Visitor: 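I am attaching a structure below and will ask some questions about it afterwards.
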Amino acid sequence: MRVTTNQQPDQPIGFAARSRRAGTVLAMTVLVVLLMLASLGVGAVELSPLTVIDALLGRGGEIEQVIVQDIRLPRAILAVAVGAILGLSGAALQGLLRNPLASPELFGAPQAAAFGAVLVIALGLADVRSYALPVAAIIAAFISVFALLAVAGRNAGMLLLILAGLAVSSLAGAATVLVMNLASNPYVALEIAFWMLGSLEDRSFRHVMLALPFILVGGAMLFGRRHAYRALSLGEETAQSLGIDVGRLRLWVIAGVALGVGASVAVTGSIGFIGLVAPHLMRPLVGQDPGRLLLPSALAGAGLLLAADIAVRLIPSTSDIKVGVLTSLIGVPFFLYLIIRKRRALSGGAA
Amino acid sequence: MSAPFLQAQQLAVRLSGRAVLSEVALALPARHLVAMVGPNGAGKSTLLRALAGLVPVQGEITIGGERLAALSLRERARRFAYLPQGDTAHWSLPARDIVALGRYPHGTVDPERLTAADREAVTQAMQATDVTAFADRPITELSGGERSRVALARVLAVQAPVLLADEPTASLDARHQLDVMRYLRNAADAGTLVIVVTHDLGLASRFADSVLVLADGQLVAQGKPADALTDAVLSKVFRVNAYRAAHQGEPVIVPWEAA
């Protein structure tokens, strides 16, 4: 039997939506590259984009090369990697839970990761430059997200997840401060600000090497199951009936988020709200399909963190502004705005 | 009845310590529309979910001679298409992409990368439920009746030998109820074993080849609609008396008064 469809062979179905997505990804990629160049140029010594490119290629003055390649490049790479994994984690969690308010920071994952990292330092199990640090942060992040989803239960509504997330992050934050207070190592106690408020300052390639492998693996795990999030948009039972092992998918996503967020926190401290904001910025541009939101959200996350990290260097201040402070200053009002928009669903006992 | 295609023996489901289904035996042929009726809490949805593999079940189920327990999740998904109760589209996807999710069990996870066979299945399913006209519109912009037809197209696109539908006519207007039952009837006539849970005894007797009556987790009657939904069954199970007639050769059963 011949199949009759009304589609034109030269204009496949969904062509407009597909080209719109491709255009968005291209534009976001260009934006991230431009922001990276800006990030390499901004600082105590202002460098023009052309000087930056020369320095990257090993041309131009030696001082410029050192500034760009050794001081600012790791910082920019970390901004891209951490921002991207936060955006990707937010999009994956929102897809998994079918919940536009899901994100690693609202679930307390960064706070728990910080606790894990602080604990191993305080116990003297690791110094700040060993792989034990990201591993501890990853394990703590995994436990926190796993516990949160276990407490909230299957098909948990927004309200329940947010309340449980608030409890987890408060607990992790308090535990972190307590460990610092009890630590015999004075160095640890001085670093409270580092863990509570993330920053990208003075990061080296050692930090990049510490975090990047885990971020890449976690990102690949989250991105690899992107089509399952789409099936989940019809509910967990339907997804299961389509052949998806939903229980295993949950564990997989939790592990991916923990790897990415844990490793990020281990080198930058806790940087909030990028995971929440990035997917929301991209939905008007690429649509709501959770399977198609991951790459744009990762790019948006990278762009947001790069921009915030440039901004903290441009804002005149007597001491350094932490980039985590800035993302929270932007992110919290945005979160409140989302709550206003979702107010009916939240107060309607969606939990 | 031809040779049974779906068989179940000694089926039992316990949920949090409580027996929801017990001693259910089924022998259902292909090319057959089965209506499952029973009062609220009788275990209808649970039986459907047990067949779809969504709740742990004791007893043996075979489909086409194969033991269900021996099948992988995906193999099972290719054999049972499941339409849950209610409206569960959380994100605003185009209707066509939702229908294409029916091809997920066949390994086509991306609605934009359909094989020729997928495209044919999706096109046929959308034509069968008359949703082609709004295929590119977001699901959230459709009316309840239109959404129910898209949901039905999604399960038809699986092209599974067994289609399980949990109250697909609930909360639909009269015309959409008839449309949905007609689409299910057509699927059965095309060779599918369709099992549909409904509270509407009129629709059940009008469209179904046979009726399963569940009460308190047990199968209390089954057979052709007029044979299963006897006065005794209706008064005992549903506590109603019914008005009975025949129209165009089909039985008409309308609950009339409390028994």
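Below, chain A is the first sequence line, B the second, and so on; all start at residue 1. None of the values given here were measured: they were computed from a predicted structure.
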Visitor: Is there side-chain contact between A:Ile274 and A:Val82, with heavy atoms separated by less than 4.5 Å?
Guide: no
Visitor: Output the option from B:Val155, B:Leu164, B:Asp110 having the highest count of non-hydrogen pairs under 4.5 Å with chain A.
Guide: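 Highest number of heavy-atom pairs under 4.5 Å: B:Asp110.
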Visitor: What part of B:Phe80 gets within 4.5 angstrom of chain A, counting heavy atoms only: side chain, backbone, both, or neither?
Guide: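 Backbone only.
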Visitor: Can you measure from CG (A:Leu295) to CE (A:Met282) and round to the nearest 0.5 angstrom?
Guide: 10.5 Å
Visitor: Could you grab the distance from atom CZ of A:Phe107 to atom CG of A:Leu166, nearest 0.5 Å is fine?
Guide: 12.5 Å
Visitor: Which answer fits B:Leu101, side chain, backbone, both or neither, if we ask what part of it has an atom under 4.5 Å from a heavy atom of chain A?
Guide: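 Its backbone and side chain both get close to chain A.
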Visitor: If I measure from the heavy atoms of chain B, does A:Ala17 come under 4.5 Å with its side chain, its backbone, both, or neither?
Guide: neither
Visitor: Please work out which of the three classes, parallel, tilted or perpendicular, describes the rings of A:Phe273 and A:Phe335, given edges at 30° and 60°.
Guide: tilted
Visitor: Salt bridge or not between A:Arg226 and A:Asp289? Use side-chain N to carboxylate O under 4.0 Å.
Guide: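 Looking at A:Asp289 together with A:Arg226, the answer is no, because their closest N to O distance does not fall below 4.0 Å.
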Visitor: Determine the option with the most heavy-atom pairs under 4.5 angstrom with chain A, choosing from B:Asp97, B:Val109, B:Leu83.
Guide: B:Val109
Visitor: Counting neighbours of CD on B:Gln9 that are heavy atoms of other residues, nucleotides or ligands and sit closer than 6.0 Å, is the number greater than 12?
Guide: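 Atom CD in B:Gln9 is not packed in, count stays at 12 or less.
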Visitor: May I ask you to name which of B:Ala52, B:Ser92, B:Ala151, B:Pro138 has the most heavy-atom pairs under 4.5 Å with chain A?
Guide: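 Ranked by heavy-atom pairs under 4.5 Å with chain A, first place is B:Ser92.
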Visitor: Would you mind telling me which of A:Ile244, A:Asn99, A:Leu232 has the largest number of heavy-atom pairs within less than 4.5 Å of chain B?
Guide: A:Ile244
Visitor: Do B:Val131 and B:Glu146 have side-chain heavy atoms sitting under 4.5 Å apart?
Guide: no
Visitor: With under 30° as parallel and over 60° as perpendicular, where do the rings of A:Phe146 and A:Phe142 fit, or are they tilted in between?
Guide: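 Answer is parallel, since the angle falls under 30°.
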Visitor: Measure B:Arg49 against the heavy atoms of chain A and call it side chain, backbone, both or neither at under 4.5 Å.
Guide: side chain
Visitor: Based on non-hydrogen pairs under 4.5 Å, which of B:Gly53, B:Pro105, B:Ala135, B:Ala81 is most in contact with chain A?
Guide: B:Pro105
Visitor: Can you tell which part of B:Pro111 gets under 4.5 Å to a heavy atom of chain A, answering side chain, backbone, both or neither?
Guide: both
Visitor: Give, as side chain, backbone, both or neither, the part of B:Arg154 having an atom under 4.5 angstrom from any heavy atom of chain A.
Guide: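 Answer is side chain: those atoms of B:Arg154 sit under 4.5 Å from chain A.
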